[in-house]
Amino acid sequence: MLKKEIIFLVGPTGIGKSAVAISLAKKINAEIVSCDSMQVYRKMDIITSKATPFQRKKVKHHLLGIIDPAKEYDAAKYRKDVLLICDKLFLKGKTPLVVGGTGLYYSILIDGLFSAAPQDKKIRAKLNKQLALKGSAYLYKKLAEIDPQASKKIHPNDVRRIIRALEVYLKTGKQISVLQKNRIGLGREYEIKVFGLNTDREFLYDKINQRVDKMFDSGLINEVSRLFKQKLSKTAACAIGIRQLKGYFDGLYSLSDARGLIQRDSRHYAKRQLTWFRKDKRIQWININKKESPAQVALKIWKKLS
RNA sequence: GCCGAGAUAGCUCAGUGGUAGAGCGCGGCCCUGAAAAGGCCGGCGUGGGGGGUCCGAUUCCCUCUCUCGGCA
């Protein structure tokens, strides 16, 4: 029996994944499942460049605007949500087309996640207190004692990973370096195909800069100032644009400075995304040139599928 | 035209008589429950052109060119 198929479309921010995805989805009877850590938030439409209502009418999109910005969301929740949606889609005879640029979510979805140790707020609070009191070197030394293998992999300054590794140990009594070997990917059960979009760096950066300009034209300031009136979760507050505009609202710099910062941070983000995806040998890369329309790019992918 | 200041990495600038640094940008990388986050690594650049002093000049002197500020 043929395995069910899941198709992935990844690539850096601003390259035009959304439009290509819609065109491709129509060709292959697919529905789109977002793979984006920020587009899951409601009230953050412009800032995260979510697909427009018009686009969403053409093809059904999943996991866009599913939670309030006050709430935390993470990779484990994401994986669970996606697998549920995929089951539903298969029942309807639809193909899931997973589209987005969040490398961690992609990886945890496609390669699996060790499930022994969910986040533990109490343990984390304790570790953060120790961090403040005794410094990162102390925590790193502790990690080296209980899990030498993990400590070799984690840089002494990478406090977040040190804390996570310690949290896992305190919670389960097992080393994260051991647990991490235990993951089951999607490939066992499904037929996986991954496509990546890329283009010249200069062209990409150009597109990113322009997209930020468009965000401002479409009312980014209004959207974000509304957000500042409510509580923002730690995760939601990480969206590029929040911090940068906060600085402007606080009078630290001008609006055009804020725009420049958003553009710069988006470029840096795109660069990190490319680093992440570049090493994944499953990805079939599609290089986009300046004159190609989303439909033409979708056609290229479609040809590779059949 | 005169007076003054300057000309050093893509940008802003620091510094030194023994052939140069920093921040930012830019490039590369890491990534398993905050990930649009967090962390790591990377600087040979005719030191504006020419001449002089000196064992040796980016650093001192002269001159030319250009830029900026002030005065006319």
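In the text below, chain A, chain B and the rest are named by the order of the sequence lines, each starting its count at 1.
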**Message:** What I want to check is whether an N or O donor and acceptor connect the side chain of A:Arg243 with the base of B:A37 at under 3.5 Å.
**Reply:** no
*Heavy-atom donor-acceptor pair, A:Arg161 side-chain to B:G39 base, under 3.5 Å*: no
Exercise. Looking only at side-chain N and O atoms, does A:Lys279 come under 4.0 Å of OP1 or OP2 in B:C31?
Worked result: yes
For this session: Please determine if a side-chain N or O atom of A:Arg272 lies less than 4.0 Å away from the OP1 or OP2 oxygen of B:C29.
Result: no
When both distances are under 3.5 Å in a Watson-Crick or G-U wobble arrangement, the nucleotide paired with B:G23 is B:C11
Paired to B:C71 by Watson-Crick or G-U wobble criteria (both distances under 3.5 Å) is B:G1
Checking side-chain polar atoms at under 3.5 Å, does A:Thr48 have a donor or acceptor matched by the opposite partner on A:Gln39? no
* Distance between the C1' atoms of B:U58 and B:A14, in whole angstroms? -> 13 Å
5'-most contact on RNA chain B (nearest-nucleotide basis), A:Thr102 vs A:His155, goes to A:Thr102
Residues in residues 9-23 of chain A with a heavy atom under 4.0 Å of RNA chain B, by number, are none
Expected rows: protein N/O vs nucleotides 24-28 of chain B N/O, under 3.5 Å:
residue: B:G25; atom: OP1; partner: A:Arg264; partner atom: NE; Å: 3.2
residue: B:G25; atom: OP1; partner: A:Arg264; partner atom: NH1; Å: 3.2
residue: B:C26; atom: OP1; partner: A:Arg267; partner atom: NE; Å: 2.8
residue: B:C26; atom: OP1; partner: A:Arg267; partner atom: NH2; Å: 3.3
residue: B:C26; atom: OP2; partner: A:His268; partner atom: NE2; Å: 2.5
residue: B:G27; atom: OP1; partner: A:Arg201; partner atom: NH1; Å: 3.2
residue: B:G27; atom: OP1; partner: A:Tyr205; partner atom: OH; Å: 3.2
residue: B:G27; atom: OP2; partner: A:Tyr205; partner atom: OH; Å: 3.0
residue: B:G28; atom: OP1; partner: A:Arg201; partner atom: NH2; Å: 3.4
residue: B:G28; atom: OP2; partner: A:Arg201; partner atom: NH1; Å: 3.1
residue: B:G28; atom: OP2; partner: A:Arg201; partner atom: NH2; Å: 3.4
residue: B:G28; atom: N7; partner: A:Lys271; partner atom: NZ; Å: 2.6

At 4.0 Å (heavy atoms only), tell me whether A:Ser266 reaches a base, stays on the sugar-phosphate, or touches nothing. nothing
